[in-house]
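Working notes, structure below.
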Amino acid sequence: MFAEFEDDPLTGAGFDTLAVRAGHHRTNEGEHSEPLFLTSSFAYKSAAQAAARFGGSEPGNIYSRFTNPTVRIFEERLAALEGGERCIATSSGMAAILATCLAFLKSGDHVVCSRSVFGTTNVLFDKYMQKFGVSTTFVSLTDRSEWAAAVRPATRLFFLETPSNPVCEVADIAGLAKLAHEHDILLAVDNCFCTPALQQPLKLGADLVIHSATKYLDGQGRALGGAVVGSHKLMEEVLGVVRTCGPSLSAFNAWLFLKGLETLRLRMEAHSASALTLARWLSEQPQVEKVNYAGLESHPQHALAVAQQRAFGGVLSFVVKGGREGAWAFIDATRIMSITANLGDTKTTITHPATTTHGRVSPEAKALAGISEGLIRIAVGLEDMDDLIADCRRGLQAI
């Protein structure tokens, strides 16, 4: 709400309007762009006001570890875009997942997690949460019967990402939400690949949405950050973790992400269009054994993706002939794409998941997740399509 209006002018506003304006409450300075509050602490008018702020009886800023005006604008804007009541920002996407775990799990609890998740997410559940008595069963993202069979009396959380990293499988969010809620289980969805511009898991029944803001929310590979979105009640628990444990988002990074959100839908549509073009081209090449991209009609969950996504995102993967040797030869022959494991950038990136993003995952788990030695992942940026195809042609010629 802006100072010159008595009522909130954004009530009922569209996605693009929210992406540009939501969350910004103008200060008395009348600034047009969102202000950047680079301060660790905040001063009070009196000792009584300080006590009221710390005690929670008066709203307001306390300490930038968990209350900062710039971070709050980002949180309010992302919550609006996801259709959630509240958002809590964190220092990275993995910090968002960890904060979720610490908020809702305790020793003796059980998690059901998709096998098709980011490699570090797999390690977090399989190694570190297990150290503290939380067990995890990994199941097929797309086979709901495996999720149902894995449920125990101690199951407290379903965790998945869709589309998945890196093989681009698509989960039935509404179906898994129904199953989870039948057993009083929370459903958390990592929405990194689609963002709210293409998919809103809360509207499909999810309880929590996780983001690595580092990726498409920023959009230019500049800063680390994460977020959790959900109801006021659930987010109060996540805020408690951030306040106590300190995985906080910096004000400067929040300001960068606000600038990224302003162009989110436009970028996601452009990423999606280019990725679909590249996926179709790759599927016609004899050196390519398989292309993973939900926008292709041949994708096993294409119809589901059409139903729950507005487009198919900028990430695709494909298997080349020759195993690791062929994949590395392809990658090394490219000249435009950046060889890096990050994604969501305006610059196209290329990586070998088996030895980078999922390098710490066991060979057995990689095989179950469909991550072969010949698999290459490309996060399509905003370069000219002819140049990207020419770069892929260089890669294919090197195999």
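Residue numbers start at 1 and run along the sequence shown. Below, each value reflects all heavy atoms present in this structure, side chains not excepted, and no hydrogens, waters or symmetry copies. For clarity, every value in this text was computed on a predicted model and none was experimentally measured.
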**Q.** Common cluster, L204/L304, ILVMFWY with side-chain heavy-atom separation under 4.5 Å
**A.** no

**Q.** Polar side chain donor-acceptor pair, Q301 to D172, under 3.5 angstrom
**A.** no

Q. Within a strict 4.5 Å, meaning less than it, do heavy atoms of the R280 and L278 side chains meet?
A. no

Q. Where does the angle between the aromatic ring planes of F318 and F330 fall among parallel (under 30°), tilted (30 to 60°) and perpendicular (over 60°)?
A. perpendicular

Q | Full working for side-chain contact (heavy atoms from CB on, under 4.5 Å) between T70 and L38 | A | CA-CA 9 Å; T70 309; L38 295 178; over 6 Å; no

Q. Is there a side-chain contact between N342 and T214 (heavy atoms, below 4.5 Å)?
A. yes

Q) Hey, mind stepping through W281 and R393 against side-chain contact (heavy atoms from CB on, under 4.5 Å) and telling me if it holds? A) CA-CA 10 Å; W281 184 85; R393 188 177 285 114; 3.8 Å; yes

For residues 98-122, which side-chain N or O atoms pair as donor and acceptor with protein atoms under 3.5 Å away, sequence neighbours left out?
from: T100; atom 1: OG1; to: A96; atom 2: O; distance (Å): 2.9
from: K106; atom 1: NZ; to: D109; atom 2: OD1; distance (Å): 3.3
from: D109; atom 1: OD2; to: K106; atom 2: N; distance (Å): 2.9
from: H110; atom 1: ND1; to: T155; atom 2: OG1; distance (Å): 2.7
from: H110; atom 1: NE2; to: T137; atom 2: OG1; distance (Å): 2.8
from: S114; atom 1: OG; to: S116; atom 2: N; distance (Å): 2.9
from: R115; atom 1: NH2; to: E146; atom 2: OE1; distance (Å): 3.3
from: S116; atom 1: OG; to: E169; atom 2: OE1; distance (Å): 2.8

Q: Could you tell me whether Y63 and F42 have their ring centroids closer than 6.0 angstrom?
A: no

Q. Between V291 and L296, what is the shortest heavy-atom contact and its length?
A. CG1-CD1, 3.8 Å

Table please: side-chain donor-acceptor pairs of residues 127-134 below 3.5 Å, with sequence neighbours left out.
none

Q: Using a strict cut-off of less than 4.0 Å between a Lys/Arg side-chain nitrogen and an Asp/Glu carboxylate oxygen, indicate whether E269 and R265 qualify as a salt bridge.
A: yes

Q) What are the two closest heavy atoms between A327 and E373, and how far apart are they? A) CB-O, 3.7 Å

Q) Nearest heavy-atom pair of V170 and A294: which atoms, and what distance? A) CG2-CB, 3.8 Å

Q. Backbone N or O of P353 within a donor-acceptor pair of the R377 side chain at under 3.5 Å?
A. no

(Q) Would the distance check show the side chain of D218 and the main-chain N or O of G260 forming a donor-acceptor pair, the cut-off being under 3.5 Å? (A) no

Q) Under 3.5 Å, side chain of T39 to main-chain N/O of S41, donor-acceptor pair present? A) yes

Q. If you group Ile, Leu, Val, Met, Phe, Trp and Tyr by side-chain heavy-atom gaps below 4.5 Å, do F74 and L224 land in one group?
A. no

Q | Atom CZ of F252: over 12 foreign heavy atoms under 6.0 Å | A | no

Q. Any Lys/Arg nitrogen of R72 or E76 sitting under 4.0 Å from an Asp/Glu carboxylate oxygen of the other?
A. no

Q: Decide yes or no for L187 and L160: does some side-chain heavy atom of the first lie under 4.5 Å from some side-chain heavy atom of the second?
A: yes

(Q) Quick check: do Q220 and K347 have side-chain heavy atoms less than 4.5 Å from each other? (A) no

**Q.** Short N-O contact, E34 and R21, less than 4.0 angstrom
**A.** no

Q: Consider only side-chain N and O atoms of H211 and D190, and report whether a donor and an acceptor are under 3.5 Å apart.
A: no

Q | Ion pair E85/K233, N-O distance below 4.0 Å | A | no

Q | Which atom of S317 lies closest to which atom of V167, heavy atoms considered | A | OG-CA, 3.7 Å

Q) For T351 and T356, what are the C-alpha separation, side-chain angles and deciding distance, and is it a side chain to side chain donor-acceptor pair (under 3.5 Å)? A) CA-CA 7 Å; T351 194; T356 59; 2.8 Å; yes

**Q.** Common cluster, L18/V229, ILVMFWY with side-chain heavy-atom separation under 4.5 Å
**A.** yes

Q | Minimal non-hydrogen separation, L249 against G225, with atom names | A | CD1-CA, 3.8 Å

(Q) Is there a path of hydrophobic side-chain contacts, each under 4.5 Å between heavy atoms, that joins I378 and V288? (A) yes

Q) Which pair of heavy atoms, one from S164 and one from L141, lies closest together, and at what distance? A) CB-CD2, 3.9 Å

Q: Check for a donor-acceptor pair, side chain of R222 on one end and backbone N or O of L256 on the other, with a separation under 3.5 Å.
A: yes

Q) Counting only heavy atoms not in D384, do more than 12 fall under 6.0 Å of its CG? A) yes

Q. With a 4.5 Å heavy-atom cut-off, do P163 and Q309 have their side chains touching?
A. yes

Q. Within a strict 4.5 Å, meaning less than it, do heavy atoms of the L343 and Y216 side chains meet?
A. yes

**Q.** Atom CD of E325 with >12 non-hydrogen neighbours under 6.0 angstrom
**A.** no

**Q.** ring pair (Phe, Tyr, Trp, His ring centres under 6.0 Å), paired with F312, selected from H302, H299, H271
**A.** H302

Q) Side chain of K366, backbone of A354: donor and acceptor closer than 3.5 Å? A) yes

Q: Would you check if the side chain of H358 reaches a backbone N or O of A369 as a donor-acceptor pair within less than 3.5 Å?
A: no

Q | Common cluster, F66/Y44, ILVMFWY with side-chain heavy-atom separation under 4.5 Å | A | yes

Q: Answer yes or no: is there a donor N or O on one side and an acceptor on the other, between the side chain of S272 and the main chain of G313, under 3.5 Å?
A: yes

**Q.** Flag, side chain of S46 to backbone of Q49, donor-acceptor distance under 3.5 Å
**A.** yes

Q) Considering only heavy atoms from C-beta outward, does the side chain of Q199 approach that of R310 to under 4.5 Å? A) no

Q: State, yes or no, whether a side-chain contact exists between N165 and E161 at a heavy-atom distance under 4.5 Å.
A: yes

(Q) Looking at E262 and K259, is there a salt bridge between them, counting it only when a charged N and a carboxylate O are closer than 4.0 Å? (A) yes

Q: Ignoring hydrogens and angles, tell me if any N or O in the side chain of R394 forms a donor-acceptor pair with the backbone of I389 under 3.5 Å.
A: no

Q) Checking N253 side chain against S91 main chain: does a donor-acceptor pair fall under 3.5 Å? A) no

